[in-house]
2 protein chains.
Amino acid sequence: MATSAASKPSPEIIFSTLIAYQNAYILKTGIELDLFTAIAEGTNDAAALAQRLQASERGVRILADGLTVQGFLRKENGKYSLTPESALFLDKRSPAYMGGMAEFLASEENVNNFSKFADCVRKGGTVSNIGDNSKPVDHRWVNFARSMASMAGPMAGVLSQIVNASTATDIRVLDIAAGHGMYGITVAKNNPRVRVTAVDWAPVLEVAKENAQKAGVSERYSVRPGSAFDTDLGDGYDYILITNFLHHFDVPTCEMLLRRFHAALKPGGKTITVEFVPNEDRVSPPMAASFSLVMLAHTDAGDAYTFAEYEKMHRAAGFRNCALQQVPDLPQRLVMGEK
Amino acid sequence: MATSAASKPSPEIIFSTLIAYQNAYILKTGIELDLFTAIAEGTNDAAALAQRLQASERGVRILADGLTVQGFLRKENGKYSLTPESALFLDKRSPAYMGGMAEFLASEENVNNFSKFADCVRKGGTVSNIGDNSKPVDHRWVNFARSMASMAGPMAGVLSQIVNASTATDIRVLDIAAGHGMYGITVAKNNPRVRVTAVDWAPVLEVAKENAQKAGVSERYSVRPGSAFDTDLGDGYDYILITNFLHHFDVPTCEMLLRRFHAALKPGGKTITVEFVPNEDRVSPPMAASFSLVMLAHTDAGDAYTFAEYEKMHRAAGFRNCALQQVPDLPQRLVMGEK
């Protein structure tokens, strides 16, 4: 009987999923009010927090209790404290602070695109005017560059290891749609033999240049403002970093772009594509597979491509090798193309 | 080393929470397009589903894959099938169909209120003009009555058992803010000795009357249109059902309302309050505790009250007993007041 009761279908997953937007807004609010930093600094009950955050005590109590239920805070005897994740990623004083992500991931524009998801499914693409992302959408991508840099750290370390294996004395790296620039910048920071050229729209590159300055690699960092579709990319590169870029486009467009990148590599040079690459079943692993939904909501024809699809694109673009590389502990994978 | 890697904080929970709104919209879209019924009826690959739903194949494939990742579908060799939960609750032909909940739980109005959650925390209440819900907000509560009736089933069964224990030959039940009416209607359906009087705003009661008709209890079902704040409630009731109602108001208002209900009971009569009642720590159990967030977003001063708070209100309103009753397998609890 106990078994039968335990396996009885419950509507709870349906209920909790239909109100899941609440979780996003609650966490975004905690970040926006900087509740986590306040608690980290020792303000730990609702009354004191309310005073510090200039908010109502009732509101702060309900927010902090909600964040406790969601696992972002702990509560004991009416006092709140941070979880290890919140301490590392949501306390503004932490070097690994990632709260800025909320500005992009839960932006009004992103939520709005998803609010029309039924129309996206009918049409087969976004119903927003962001379209295919081939033309400048500065407000979106400057915001992205400003808010998402913190997410790049772990993968940028992996890219550094790959580039460091090169024996060349002068390693030239092209960073496509560089955004915040942190992939190329980290690679340069970790290896004095590296020179980086970053491509993106001019207003976005301003963010990358600031970050290069902060990282102390400005002298080995140059930019080519414009679109990856038509800007002169230069040539003779050892590596081309293609991070979170190809997913915005359909297959013919990806092939066209890969042909351009192939032409810009020196013989033996490599593209390193950082992407959510689902398995061939397209429903695993969860984060990579779910990324298709994001592309349906936000782009005309982008997708989370499988490795078989990436391999075909690379072959069509003239690459002699294409390999998939798993990255432990990270949701994204690498697709390496060799000229 | 493995232990240390496993316990290393990961930003994944932050990332996935900030995009949790996507899950709500994806499930809502599956329900809106009636994807689940189509699959239940045997249409099971993306191409055929697209044709049947009059949507794009790319969109349907991405939607169905996403719903698979979320656990609402299964996928094998490119064919989709329903999970036990989807079969029971999301196939429109099922008597337990609950898809209608999406219309209320993930309504534009509800999401919009949560999108201003930081302002709600600052202010200590909703920033919408729904306010304290003491005045008619017909569009909201008619929508609720139409979409949320299906959720009432299991708890309505529990209420029936309580009422059935009465030895009275003529059991009079008052259903406060009846909405869809399913609590009182179910009690009447399960016991021919029961007569129900339903109170709600007139347009909402139209929904309840329809449901009473369908359930075949119209002859024992009468209505008192108006607000629970000032409508003449009548008197001499054996039971008063107060389902999901008191949470909308502050403590003094709840006390005032409970005094009115006390006056309407016969001596020895009972109020049965159905509510999300968190433990005294206010952070457990999860669903009950989280309900405070909903009240902060949507009401001026409502809350998910603890039992200690309900007990105090009942005492202040003149009840001689107040008891908490857990309900196995359901997220809500009962607060029973005795005159």
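Every chain is numbered from 1, with letters handed out A, B, ... down the list of sequences.
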Note to self: I'd like to verify something: which residue of Thr68(B), Leu27(B), Thr83(B), Val60(B) has the highest number of heavy-atom pairs under 4.5 Å with chain A?
What the structure shows: Leu27(B)
Checklist line | chain B contact via Lys75(A) - side chain, backbone, both or neither, heavy atoms under 4.5 Å | finding: side chain
Check: Among Ile19(B), Ile13(B), Asp119(B), which residue forms the greatest number of heavy-atom pairs with chain A at distances under 4.5 Å?
Finding: Ile13(B)
Next item on the list: Might you point out which heavy atoms bring Ala24(A) and Leu18(B) nearest each other, and give the distance in Å?
Entry: CB-O, 3.7 Å
Next item on the list: Run the salt-bridge test on Lys8(B) and Glu85(A) with the 4.0 Å N-O cut-off and return the result as yes or no.
Entry: no
Note to self: Report which part of Met295(A) has an atom under 4.5 Å of a heavy atom belonging to chain B: side chain, backbone, both, or neither.
What the structure shows: backbone
Checklist line | Part of Leu53(A) within contact of chain B (heavy atom distance under 4.5 Å) | finding: neither
Notebook entry, point to check: Which answer fits Asp281(B), side chain, backbone, both or neither, if we ask what part of it has an atom under 4.5 Å from a heavy atom of chain A?
Noted result: backbone
Next item on the list: Using the six-membered ring wherever Trp is involved, compare the ring planes of Tyr21(A) and Phe114(B) and label them parallel, tilted or perpendicular (cut-offs 30° and 60°).
Entry: perpendicular
Checklist line | Close side-chain approach of Tyr25(B) and Leu293(A), heavy atoms under 4.5 Å | finding: no
Notebook entry, point to check: Does a salt bridge link Arg61(B) with Asp303(A), judged by any charged N lying under 4.0 Å from a carboxylate O?
Noted result: yes
Next item on the list: Under 4.5 Å heavy-atom distance to chain B, tell me which part of Met101(A) shows up: side chain, backbone, both or neither.
Entry: both
Next item on the list: Give, as side chain, backbone, both or neither, the part of Ser16(B) having an atom under 4.5 angstrom from any heavy atom of chain A.
Entry: neither
Check: Looking at Val121(B), Val283(B), Ile31(B), which has the largest count of heavy-atom pairs under 4.5 Å with chain A?
Finding: Val121(B)
Checklist line | Neighbour count >12 (heavy atoms, 6.0 Å) for atom CD, Glu309(A) | finding: yes
Notebook entry, point to check: Side chain, backbone, both or neither: which part of Ile62(A) has a heavy atom under 4.5 Å from chain B?
Noted result: both
Item checked: Under 4.5 Å from a heavy atom of chain B, the part of Leu33(A) involved -> side chain
Notebook entry, point to check: Which answer fits Gln70(A), side chain, backbone, both or neither, if we ask what part of it has an atom under 4.5 Å from a heavy atom of chain B?
Noted result: both
Item checked: Intermediate values then yes/no, side-chain contact (heavy atoms from CB on, under 4.5 Å), Phe117(B) and Gln22(A) -> CA-CA 9 Å; Phe117(B) 201 74; Gln22(A) 298 178 0; over 6 Å; no
Notebook entry, point to check: For Asn113(B), is it the side chain, the backbone, both, or neither that has a heavy atom closer than 4.5 Å to a heavy atom of chain A?
Noted result: neither
Checklist line | Heavy-atom pairs under 4.5 Å with chain A, option from Ile26(B), Leu90(B), Leu88(B) with the top count | finding: Ile26(B)
Next item on the list: State whether the number of non-hydrogen atoms from other residues, nucleotides or ligands found under 6.0 Å of Glu280(B) atom CD is greater than 12.
Entry: yes
Item checked: Segment of Glu32(A) engaging chain B (4.5 angstrom heavy-atom cut-off) -> side chain
Checklist line | Residue Phe72(A) versus chain B: region with a heavy atom under 4.5 Å | finding: side chain
